[in-house]
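The first residue in the sequence is number 1, and the count goes up from there. This structure is a prediction, so every number in the text was calculated from the model and none was measured.
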Amino acid sequence: ALVASTSAQSINVTITGGPSSPATLGAPTTYSLTCTAGPNPINVTWITPPAGTVGAQTTSGSTSSRTLTLPSPVQLSYAGLYMCNASANGVTRTTSYAFNVSVSATLNVISMPQPLGSQLQVSCSVSEGFSTDKPLLFMWAGPNGSVPFSGRISANNASSGSQIGGTYIYTSTLTFSTLSSQDNNTIYQCLLGTMYTPYFTMYSSPTSVGSTSSATIVVNALVLTPTISSGTCQQGVLQLNCTADRPLSVVPPLMFSWYRSSVGSGTFSRLNPGVPGINVSRTPSGSNTSTLSVSGSSLSGSYVYQCMASVDVPDDVPVVANVTTGVVSFSISGVVS
């Protein structure tokens with residue numbers, strides 16, 4: 001058993017009976033922490049222990065002792081710093097013992113890699129066959145330190161648990177609202193703890209803070225391939241539709257821009273809706289199509305039209321597709337040739 005001791009002015013104080021390694025949450029083990037002090041006469045007192053039952057003081061030979069019992073099963077509240085006072089003739093000496101509890105956590109990662117701009121959630125969960133006596137406090141650490149509770153990358157930290165049959169599940173979720181290229185190959189770690197006054201205790205074990213509790217985020221490049229469908233020209237109005245496919249998981253909407261060049265020129269200029277005879281439809285959120293309408297004097301001549309699709313990802317540069325070109329030439333009469 002671990003022993004913590006203090007010796008001064010003829011008062012010796014020790015704590016024995018604690019586990020030699022962190023006790024496992026839920027383990028069917030009763031621990032008895034015994035504070036022993038001497039020589040007699042002496043008064044032994046446990047100072048506001050976080051948990052457990054304190055027995056009566058006993059005397060054996062020249063020493064006195066008082067036992068603090070932590071009954072089975074091991075609970076979250078058992079973790080903490082246990083302090084014992086020994087006093088005699090106006091002199092008091094204190095010793096302490098840190099009781100550690102290990103918690104096993106499992107990470108559930110949505111299949112990697114995910115495309116740029118998509119939402120990603122990583123969950124960290126603890127399953128037990130009983131309800132813990134204190135809420136678990138989850139903490140997520142990444143390349144920039146602790147993960148905040150709001151923003152593009154956020155995490156919920158406390159879980160009081162939910163019951164499924166005879167199993168109690170405690171879960172925290174790390175959320176990327178939109179994956180950025182800056183997230184690629186970053187590592188996030190799930191840590192577990194609980195809060196009690198006046199100490200904070202972190203639970204650590206190979207299964208809860210080791211390789212199973214870290215996730216490497218992998219972000220794939222987002223490839224947009226816009227296509228221009230065949231143009232129609234009716235009643236003096238040319239209409240071209242540009243469509244780009246994107247994964248359903250990508251959050252930001254597609255944005256389109258149109259360009260054209262005189263046939264044989266090779267120099268393209270952007271078409272702005274403010275130019276007379278030029279109208280570019282606004283793409284509704286979630287729509288993958290943009291429509292260009294050209295009418296009036298803007299129809300004169302033969303042109304090569306281009307469509308460009310892009311996605312603006314927060315904390316990143318816009319993702320721009322390879323330009324897809326649709327060649328449309330037509331006469332003043334508005335007949336597509």
Under the 3.5 angstrom rule, does the side chain of Thr291 hit a backbone N or O of Ser281 as a donor-acceptor pair? no

Cluster check Val54, Ile15: I/L/V/M/F/W/Y, side chain < 4.5 angstrom: yes

Regarding Trp140 and Ser172, do their side chains bring together a donor and an acceptor under 3.5 Å, going by distance alone? yes

Quick one: does any side-chain atom of Thr29 pair with a main-chain N or O of Pro73 as donor and acceptor, under 3.5 Å? no

Answer yes or no: is there a side-chain heavy-atom contact under 4.5 Å between Met308 and Pro226? no

Honestly curious: do Ile187 and Val219 fall in one hydrophobic cluster under the side-chain, below-4.5 Å linking rule? no

Looking at Thr175 and Ser177, would you say the former's side chain and the latter's main chain have a donor-acceptor pair under 3.5 Å? no

Tell me whether Asn272 at atom CG has more than 12 heavy atoms from other residues, nucleotides or ligands lying less than 6.0 Å away. yes

Enter the distance from Asn185:CG to Thr216:OG1 here, rounded to the nearest 0.5 Å. 7.5 Å

is_close_aromatic(Tyr188, Phe176), centroid dist under 6.0 Å: yes

Measure centre to centre between the rings of Phe99 and Tyr31, then say whether the value is under 6.0 Å. yes

Determine yes or no for a side-chain-to-main-chain donor-acceptor pair under 3.5 angstrom, with Ser87 supplying the side chain and Thr92 the backbone. no

As an exercise, state the distance from SG of Cys307 to CG of Leu271, rounded to the nearest 0.5 Å. 11.0 Å

Quiz question: by atom type and distance under 3.5 Å, do the side chains of Thr58 and Ser65 form a donor-acceptor pair? yes

If you round to the nearest 0.5 Å, how far is CG of Leu174 from CD of Gln189? 12.0 Å

Within the 4.5 Å heavy-atom criterion, are Leu222 and Leu224 side-chain neighbours or not? yes

Over all heavy atoms of both residues, which pair between Ser64 and Val44 is shortest? Give the atoms and the distance, please. O-CG2, 3.8 Å

Do Val311 and Met255 come close enough that some side-chain heavy atom pair is under 4.5 Å? no

I want to check something: taking the side chain as every heavy atom from C-beta on, are Val147 and Met139 in contact at a cut-off of under 4.5 Å? no

Just by modelled atom types, is the Ile217 backbone N or O under 3.5 Å from a matching donor or acceptor in the Gln114 side chain? no

Hey, does the side chain of Tyr82 reach the backbone of Tyr78 with a donor-acceptor pair shorter than 3.5 angstrom? yes

Indicate yes or no: at least one non-hydrogen side-chain atom of Ser290 is less than 4.5 angstrom from one of Trp258. yes

With a 4.5 Å limit on heavy-atom distance, are the side chains of Val74 and Val101 in contact? yes

Taking Gln163 for its side chain and Gly165 for its backbone only, find out whether a donor-acceptor pair lies under 3.5 Å. yes

Going from OG on Ser162 to OH on Tyr170, what distance comes out if it is rounded to the nearest 0.5 angstrom? 8.5 Å

Evaluate the criterion side-chain contact (heavy atoms from CB on, under 4.5 Å) for residue pair Cys242 and Gln306; output intermediate values, then yes/no. CA-CA 9 Å; Cys242 180; Gln306 288 184 341; over 6 Å; no

Side-chain donor/acceptor of Gln119 to backbone N/O of Thr178, under 3.5 Å: no

Please examine the side chains of Val294 and Ile278, heavy atoms only from C-beta on, and report whether any two atoms are closer than 4.5 Å. yes

Tell me, with the steps shown, if Cys190 and Phe138 meet side-chain contact (heavy atoms from CB on, under 4.5 Å). CA-CA 7 Å; Cys190 172; Phe138 290 83; 3.9 Å; yes

Main-chain N/O of Asn12 paired to Arg93 side chain as donor or acceptor, under 3.5 Å: no

Can you name the closest pair of heavy atoms from Thr171 and Ser125 and give their distance? OG1-CB, 3.5 Å

Would Asn288 and Thr243 count as having a side-chain donor-acceptor pair, cut-off 3.5 Å? no

Search all heavy atoms of Leu33 against all heavy atoms of Trp46 and return the closest pair with its distance. O-CZ2, 3.3 Å

Check the hydrophobic clustering (I, L, V, M, F, W, Y; side-chain heavy atoms under 4.5 Å; chains of links allowed) and say if Val237 and Leu240 are grouped together. no

side-chain contact (heavy atoms from CB on, under 4.5 Å) for Thr186 and Asn184? Distances and angles first, verdict last. CA-CA 6 Å; Thr186 54; Asn184 191 35; over 6 Å; no

Check: Tyr303 and Ser261 side chains under 4.5 Å, non-hydrogen atoms: no

Write down the atom of Leu254, the atom of Ala244, and the distance for their closest heavy-atom approach. CD1-O, 3.4 Å

Please answer whether the main-chain N or O of Cys35 pairs with a side-chain N or O of Tyr97 as donor and acceptor at a distance below 3.5 Å. no

For the residue pair Thr34 / Thr67, report whether a side-chain donor-acceptor contact shorter than 3.5 Å exists. yes

For the student: nearest non-hydrogen atoms of Ser180 and Val313, plus distance: CA-CG1, 4.1 Å

The test is side-chain hydrogen bond (donor to acceptor under 3.5 Å, both in side chains); show your working for Asn85 and Thr94 and say whether it passes. CA-CA 5 Å; Asn85 275 353; Thr94 302; 2.4 Å; yes

Working to the nearest 0.5 Å, report the span between CD of Gln239 and OG of Ser293. 4.0 Å

Between Gly52 and Leu70 the two heavy atoms that sit nearest each other are CA-CD2, 3.6 Å

Measure the CG-CG distance between Asn43 and Asn89 for me, rounded to the nearest 0.5 Å. 11.5 Å

